[in-house]
Student: 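Encoded as structure tokens, here's the structure I'll be asking about.
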Amino acid sequence: METTTTVQSLGSCSISQGQILHNQALWLEDKEQPFGKFIKHAYRQLDWHYPKFHKMDRLCKLATVTARILLQNGTLEEYNSEDIAIVIANKTATYHTDSKHIASIQDRDHYYPSPAVFVYTLPNILVGELCIQYNIKGEAAFFIQEEKNLPFLFDYSQLLLESGVAKICLTGWVEYTETHYNSELHLLKIN
Amino acid sequence: MKDLIEQLKVQVIRQLNLEDVEPDEIDPNENLFAADNELGLDSIDALELIVLLDKEYNIKIKNAEEGKNVFQSLTTMAKYIAQHQS
């Protein structure tokens, strides 16, 4: 992202199809591993003990690892919680987890809806997970977009920052489907 | 008992939606709900384990106190199932 006169980028992290980039530099790569093994490998590389990680659905795991790589230097700790905004988007919401929930309630004779699955059938839960992890209490939003549109997210973040609603904003795209996953998070602050 | 514990590991992983956890990553003697347990189980998962016992073994937990003792670890769960199925 190009820096504007008022908004500065403090870093980025992206994860896509077996490759993790942090500030455009390669952080981890293994294009052979399926997503489950790859994201667990990345989590272990962080040397971070977060008990809720294994219970998360894959969309939240993807967001959690991306955010952790970007934010592990502790930048957000310098800000008041209410001054930190989070703006995320994707195309399929939580469709992968929704499908699992639907499958668990299809058979009337074996009707066992699972709270452990159901709790993740809302994309705002991803935002909630990151808010808990980083004590974010400012403006929060999750948009559903037809295509990945970072300029829109950057413009929206810039509005929040320039209007004083937030002093720093975690923004980006987090998408998971059975065949494809892609996350790209940026940390933006007012100059 | 060992077979039952291995079976329980698979069932717990499925029931609790621990999608990418492998059975050999679960210590059968570790306290399932301990704060430092890597699985990070909470009260929602306790409900799930009650459902698991009902669904897979036709065993109903009578009250919360009983549940607390049964679900201490996979080993205590396995012993409870073995006692109540015989």
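In the text below, chain A, chain B and the rest are named by the order of the sequence lines, each starting its count at 1.
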Student: Mark yes when over 12 heavy atoms from residues, nucleotides or ligands other than Asn29(B) sit less than 6.0 Å from its CG; otherwise mark no.
Tutor: yes

Student: So, Glu29(A) and Lys31(A), do they make that salt bridge, N to O below 4.0 Å?
Tutor: yes

Student: Using a cut-off of under 4.5 Å for heavy-atom pairs, which of Val51(B), Asp54(B), Leu39(B) has the most such pairs with chain A?
Tutor: Leu39(B)

Student: Decide yes or no for Ile15(A) and Ile39(A): does some side-chain heavy atom of the first lie under 4.5 Å from some side-chain heavy atom of the second?
Tutor: yes

Student: Could you label the plane-to-plane angle of the His101(A) and Phe118(A) rings as parallel, tilted or perpendicular, counting under 30° as parallel and over 60° as perpendicular?
Tutor: tilted

Student: Contact part of Lys40(A) toward chain B, heavy-atom cut-off under 4.5 Å: side chain, backbone, both or neither?
Tutor: side chain

Student: Below 4.5 Å from any heavy atom of chain A, which atoms of Leu47(B) appear? Answer side chain, backbone, both or neither.
Tutor: neither

Student: Of the backbone (N, CA, C, O) and the side chain (C-beta and beyond), which part of Gln15(B) lies under 4.5 Å from a heavy atom of chain A, both, or neither?
Tutor: backbone

Student: Students often mix this up, so state it plainly: with edges at 30° and 60°, are the rings of Tyr176(A) and His96(A) parallel, tilted or perpendicular?
Tutor: perpendicular

Student: Which one of Lys37(A), Arg58(A), Lys100(A) has the most heavy-atom pairs closer than 4.5 Å to chain B?
Tutor: Arg58(A)

